[in-house]
Number of protein chains: 2
Amino acid sequence: MNYKMMFKVLGYILLIIALTMIPPLVIALITGEGDFPAFLISSIITGVCGAALTRIPTKKNIIKVKEGLAIVTLGWLFASVFGALPFYLSGSIPSFVDALFETVSGFTTTGATIIKDIEVLPKGILFWRSFSHWIGGMGILVVAVAVLPLIGSGGFHIFKAESPGPVADKIVPRIKDTAKILYVTYIVITLTEFVLLMFGGMTPFEAIVHTFGTLGTGGFSTRNGSIGAFNNSYIFIVISIFMIMSGTNFSLYYDLFKGKWRDVIKNSELRLYLGIIFVSVLAITIDTNFSLYHNWFEAFKHSLFQTSSIITTTGYTTANYEQWSTFSQGVLFVLMFVGGSAGSTGGSIKVMRILVLIKVLKRELTKILHPRAILSVRVGGQPVADDTLLNIASFFMLYMLIFAFGSIIISLEGIGFMGATSAVAATLGNIGPGFEFVGPTQTYADFSVFSKLLLSFFMLLGRLELFTVIALLTPKFWKTEL
Amino acid sequence: MNYKMMFKVLGYILLIIALTMIPPLVIALITGEGDFPAFLISSIITGVCGAALTRIPTKKNIIKVKEGLAIVTLGWLFASVFGALPFYLSGSIPSFVDALFETVSGFTTTGATIIKDIEVLPKGILFWRSFSHWIGGMGILVVAVAVLPLIGSGGFHIFKAESPGPVADKIVPRIKDTAKILYVTYIVITLTEFVLLMFGGMTPFEAIVHTFGTLGTGGFSTRNGSIGAFNNSYIFIVISIFMIMSGTNFSLYYDLFKGKWRDVIKNSELRLYLGIIFVSVLAITIDTNFSLYHNWFEAFKHSLFQTSSIITTTGYTTANYEQWSTFSQGVLFVLMFVGGSAGSTGGSIKVMRILVLIKVLKRELTKILHPRAILSVRVGGQPVADDTLLNIASFFMLYMLIFAFGSIIISLEGIGFMGATSAVAATLGNIGPGFEFVGPTQTYADFSVFSKLLLSFFMLLGRLELFTVIALLTPKFWKTEL
């Protein structure tokens, strides 16, 4: 293990985090709500620590698999610890564990909060909270990969470990160019939503904060009532559409830009993703119209919003969906395990994996009748190796295993089943709100310190797609010399 | 598809079912509680229908994969429909759908009941109810395989499709001999438990009924309060031990009989099975001692009983476990997805599959560090092919898929989350009681006709291990000519 190189790269990551504190610092300076010193001190501490680490002398600038994995996990941990400083130093969140929870929730684009009244917070803090969604959505390290010549070819290990979804597609041959294209796409969509939300009557500040929350599929808002507080159908629908867009594989936008719209239309993951949304919205609209709203448009509006919000793992709310029937709540609960597309900012299991697993099941059914047939599972016309299929199946099983054991441990809090299970599903899937104890009108504030740390760990596990983090926790990882 | 041959074999299965109605008929005759005519008419109808079907002239006596699959699924369906006759004709269960539910629940060894007061039922009916557990536990068709020369080599397709667990081990080369060995083992254990329960003060009738319920991992009792009604620690512990024994792979008893105790001790499935029981009993004992019983022996007794009952998918109860903490209930809920060992009478996912899936996960973690390493998953020293691993993973995924969708559909009943999810888990896993709406003090009586039929379907799906039944539901099955 090349520890020196590892810490050097971590130093650069901290420098980037220090830089990302500048925009909220400027906002704090302009609004003058007392949070300016906290940002100044935080960015100085982060910058100095980062700079010190980058000074570590290294002999070989080589990043292999192990260093890549360690850099990704520790990079996210470092970013969260230093990113928590503004919350803590400004006094907005008096407990450091709470501040850490909020920051992890921000960077992992979960959107679970421990703050009961967010409307009293200074604007700089609110901006930082949502900005972390925007940064974390595309990946903290993808920036490093894009800008650091130092990392070189080791960047692929980092890119692969951090990027969401089972396949790390390089859109263009060079990984640096891929990262840049993704960021440009990201910025273009961000600006579009920002303008559209302003049209809907949001202030520029509200518009940018909610755009960050949407694009990163995060879910932090400026209002205690989340998006529902705006009570504006135009805003509901704009955000619904942009949540769905943020849960789509970003490389499809590049394809569209290149004029390859036929490829986009034929993309089987996109079809399944939109298909699941369509069926869920339809089912919930019909159910809630008859059981609660007695108004088709109201039912459709909230159904579209909550379906998009949960499947993309954003977590914004317009309706207290706990008033819905068990059926509609059940649909939402299942969507918590679907998630966005591969290569999107959405979390959870992801549509690509579900697609592959459905194809594996189909093959097994065919095999019962034709036990000796050799059938390959194909995605986008390409056969997928059994190795990859087993990896995807393993991901699914590990996800369910962590969900089950996590729920049992969290149930020691003495909360009900729904609270415990949905808290784990909502953090592991980077969603945010769940049911009952962590329902849409609740926060995570009342958990014990132990549970807050465990749930923070689940958020990181989910964002980094389980295996990377779990591998680091095995003694084998630190023993083997690679 | 050789329909003639298929119906001919189904005819023989009905003849066997008619024969199994003789013991309850004799009991009804002796006790004279008015259920004798129902058994007489039922066995005559079943016998005549069976005999008529066996008269179908067939050209080729060949059973291929497809015929095997169809015979197993339809065989269970026929057995359930005709097996429901005594309940219906005696008036014990006035609705035929309810009678069918009860019979499916019996044969599949689920033990979910729609009868609110079982203590008023005549003894013949109670005997038939529990006898169906005993028959269904080892397999309705395994009898046919053992006794019918007609089936010949096609027996393996039937044996494989009906026998629980991912691997259909032939203990001895000839499938008929394997079936016979299993039945002898089964009968020896049955007699032992029967005698031990008599020692505990049960009447011979109670002892035989509860022995059937234990051996088949079924769960039907003679008391509304299940085993708890006996309020006898000796009985609790005897039944606990026999439930655990019934959830063990029966071929291990043959190994023991042959003196191969080293093989038994080293058996990794047995170790994992007992390990899960040990950890669960320990956790629940500690938790319930402090939170409820304040008495270590009481806590241990109920913890051992409920853990054994749920993991083996029996479903007997001594305690109203809904008074337990969310933590202990959570442990039980997770155990609902574990189930007994392969080759036992227990249902659900089964320990063998869990064992294999854990090994697959371990391999994936190693692969992260050594991406190019070729590693095989070994069970009992033998490498398992990737094909088989994918089949087992597919089983797990299909199980979770049916659980999720089933729960959403059942939630249309307007019952709570816990009721809906645990009803599906308890029927699909052939367990019996669940939580809340289907908790240990409740029955399945208040479900709609639609839900009762759907839950009956889940019981059959679970007992026949998903793929067999699902394959029959695809249009492809009936189109392809094999």
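With a 4.5 Å cut-off on non-hydrogen atoms, Met397(A) touches chain B through its backbone and its side chain both. In this structure, the portions of Gln329(B) lying under 4.5 Å from any heavy atom of chain A include both its backbone and its side chain. Heavy-atom distances place the side chain of Phe333(A), and not its backbone, under 4.5 Å from chain B. For Ala471(A), the parts sitting under 4.5 Å from any heavy atom of chain B are the backbone and the side chain alike. Neither the backbone nor the side chain of Ile358(B) comes within contact range of chain A; no heavy atom of the residue lies under 4.5 Å from a heavy atom of that chain. The part of Val334(A) that comes within reach of chain B is its side chain, from C-beta onward, which places non-hydrogen atoms under 4.5 angstrom from that chain. Within the 4.5 angstrom heavy-atom criterion, only backbone atoms of Ile415(A) (N, CA, C, O) approach chain B.
When side chains are defined from C-beta on, Leu398(A) does not count as touching Glu364(B), because their heavy atoms never get closer than 4.5 Å. Side chains of Lys367(B) and Asn391(A) form no contact here, defined as non-hydrogen atoms less than 4.5 Å apart. Side-chain contact check for Ile470(A) versus Leu361(B): every heavy-atom pair is 4.5 Å or farther apart.
Between Phe417(A) and Phe417(B), the distance separating the two ring centers is not shorter than 6.0 angstrom.
Annotation for Val360(A) and Ser394(B): closest pair CG1-OG, 3.3 Å, computed over non-hydrogen atoms. Residues Gly416(B) and Thr326(A) approach most closely at C-CG2, 3.8 Å, considering heavy atoms.
Considering only heavy-atom pairs separated by less than 4.5 Å from chain B, the leading option among Ile409(A), Ile368(A), Leu466(A), Thr421(A) is Ile368(A).
Within the model, atoms CG of Leu412(A) and CG of Asp287(B) stand 7.0 Å from one another, a figure rounded to the nearest 0.5 Å. Going from atom CG of Leu357(A) over to atom CZ of Phe396(B) covers 11.0 Å, rounded to the nearest 0.5 Å. With rounding to the nearest 0.5 angstrom, the CE atom of Met400(B) is 8.0 Å from the CZ atom of Phe337(A). Annotation: the span from Leu390(A) atom CG to Ile392(B) atom CD1 amounts to 10.0 Å, rounded to 0.5 Å. Distance OG/Ser280(B) to CD1/Ile408(A): 8.0 Å, rounded to 0.5 Å.
For Tyr3(A), the OH atom counts as densely surrounded, since its 6.0 Å shell holds more than 12 non-hydrogen atoms of other residues, nucleotides or ligands. Applying the 6.0 Å contact sphere to NZ of Lys362(B) captures no more than 12 heavy atoms from other residues, nucleotides or ligands.
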